Amino acid sequence: MFPGLWLSLLLTQTSAPSLHYTAEKVKEGQQRTPEQFAFTTWEPSCELETLFVGVDEANLRKEPSTEAAVVAVLPLGAAVRVQERGTARLKVGEYVNHWYSVEHVDTKGTAEKADDSVLRGWLFGNTLTPFRFEEDFDGDGEKEVATVVMSGDFKIRVRVLEPKLKPPFRVSSVDARPAGENWRQVSGGPAAVTLVPSKTAGVVLLRVDSTPEECGEYSTTYVSYTVPGNKKGVLGTAKLALLLEGVSEAPGVSRYEVSFQARKKELTMVRTDEQEDESGNVLTTKAQTRYQLKDGVYSELTPADSSVAESKP
């Protein structure tokens, strides 16, 4: 069985995990330097924190180099423990990150400790994530594995793996956009991910929240995974089910609240907008929109219905 995995997630400084991957925007044709990137890093620690492999068929290497021998090939969702972080930030492929010395316990698919083996090697930082979810996303009675990482083009990438299928045809992925990119001087952004259980929404969803510190924009993206007819042994499709965007700073505040109607597989979003006029009065309006989930995507059922505007001095 897996032992306790002890490490800390540095940049968050909270118990709630998150990821971020950003780089300064540059002119077309100009190359970024490694120093222009910012990303989540990890170190060994006595804090209980589990990391996972966020890509499928990740090469665990003997040394911190893409030319080094492969110790093992790890599947998407495999748990690892950080032993050491390489000091240099390097570019590997389209990513800038650190190499990490990690330890992985191979359980051989059994609950017996006697046949466990410990594998040690190096993984590049872009393959690591604190987000792993094992649930029956498509409702076929079998659990899938989902992870979330940041892509090389600064998107939030959700991957879903069908464990009983063979690589390379067992993973579906979809990208969500970090909030506020149009208003910030960087590409990319942060991501925090939570699971929405089927008893809440009528289907298992992933909720991806992006709340950059540099601006007042924020977003929530719901991600689904569906298989036509809920057929077992078939790779489904990860989809962007719904994107909601808000603004938390004056003069144009726009907030949203979501409630689910699980039996109907419906969602109700109430948006509250606040606009301040030249006299300092705040005009508040509310609108309610209902959505129906079909084929993994929420579609609007009724037009937004605004309430009477209310002025507040």
Side-chain angles (χ1 to χ4, degrees), residues 2-24 31-106 116-132 147-157 159 178 186-193 210 212-213:
F2 290 112
L5 301 179
W6 297 84
L7 43 88
S8 65
L9 179 63
L10 286 186
L11 299 176
T12 60
Q13 301 300 313
T14 68
S15 58
S18 67
L19 276 175
H20 86 267
Y21 187 72
T22 60
E24 297 175 20
Q31 295 294 317
R32 297 183 177 96
T33 66
E35 290 70 28
Q36 291 177 296
F37 289 76
F39 43 83
T40 310
T41 59
W42 296 274
E43 296 285 1
S45 170
C46 61
E47 297 293 329
L48 181 61
E49 192 78 46
T50 303
L51 289 186
F52 304 97
V53 177
V55 302
D56 197 25
E57 297 187 280
N59 289 322
L60 183 67
R61 296 189 179 273
K62 188 174 183 180
E63 302 292 340
S65 168
T66 57
E67 302 300 320
V70 176
V71 176
V73 178
L74 302 182
L76 182 143
V80 297
R81 176 190 178 202
V82 169
Q83 305 279 297
E84 176 188 352
R85 176 172 64 88
T87 56
R89 50 171 63 203
L90 302 170
K91 185 173 184 181
V92 172
E94 57 184 348
Y95 290 94
V96 172
N97 216 302
H98 298 277
W99 281 97
Y100 286 86
S101 173
V102 301
E103 177 182 277
H104 168 68
V105 177
D106 185 356
D116 287 359
S117 62
V118 178
L119 303 174
R120 296 182 177 88
W122 293 81
L123 291 172
F124 201 58
N126 71 290
T127 66
L128 298 176
T129 179
F131 299 118
R132 179 190 188 275
T147 62
V148 181
V149 297
M150 303 301 294
S151 71
D153 57 350
F154 306 101
K155 300 297 189 297
I156 304 166
R157 181 158 296 166
R159 290 186 173 97
V186 296
S187 299
V193 189
S210 183
E213 295 181 357

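Note that the structure is predicted; figures quoted are calculated from it, not measured.
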Please round to the nearest 0.5 Å and tell me the distance separating atom [atom1] of [X] and atom [atom2] of [Y].
| X | Y | atom1 | atom2 | value |
| --- | --- | --- | --- | --- |
| T127 | W122 | OG1 | CH2 | 13.0 Å |
| F124 | S65 | CZ | OG | 11.0 Å |
| T40 | L19 | OG1 | CG | 5.0 Å |
| Y100 | R81 | OH | CZ | 15.5 Å |

If you look at every heavy atom in [X] and [Y], which pair is closest and at what distance?
| X | Y | answer |
| --- | --- | --- |
| A78 | L74 | CB-CB, 4.2 Å |
| A79 | T50 | CB-CG2, 4.3 Å |
| F154 | T22 | CE2-C, 3.9 Å |
| Q36 | R32 | OE1-CA, 3.1 Å |
| P190 | I156 | O-CD1, 3.9 Å |
| V55 | V53 | O-CG1, 3.2 Å |

*So with a 6.0 Å cut-off around CD of E213, is the heavy-atom count from everything else above 12?*
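No, not enclosed.
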Flag the pair [X] / [Y] as yes when at least one side-chain heavy-atom distance between them is below 4.5 Å, and no otherwise.
| X | Y | answer |
| --- | --- | --- |
| L128 | F52 | no |
| N97 | F39 | yes |
| L51 | T129 | no |
| L60 | L119 | yes |

*asked:* Below 30° counts as parallel, above 60° as perpendicular, anything between as tilted: where do the rings of Y21 and F37 land?
replied: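 Tilted.
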_Going by side-chain hydrogen bond (donor to acceptor under 3.5 Å, both in side chains), name the pairs with one or both residues in residues 147-157, residues two or more places apart or in two chains._
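Found S151-D153, R157-D175.
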_Side-chain donor or acceptor of S210 paired with backbone N/O of A191 under 3.5 Å_ =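 Judged by distance alone, no pair lies under 3.5 Å.
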_For R89 and H98, which I'm curious about, is there any donor-acceptor pair between the side chains at under 3.5 Å?_
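No, no side-chain donor-acceptor pair sits under 3.5 Å.
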*Mind checking salt bridge (Lys or Arg N to Asp or Glu O under 4.0 Å) for R120 and listing every partner two or more places apart, or none if nothing turns up?*
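Here the qualifying residues are E103.
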_Test: salt bridge (Lys or Arg N to Asp or Glu O under 4.0 Å). Region: residues 52-65. Which pairs qualify, not counting sequence neighbours?_
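Counting only pairs at least two positions apart or across chains, the salt bridge (Lys or Arg N to Asp or Glu O under 4.0 Å) contacts touching residues 52-65 are D56-R170.
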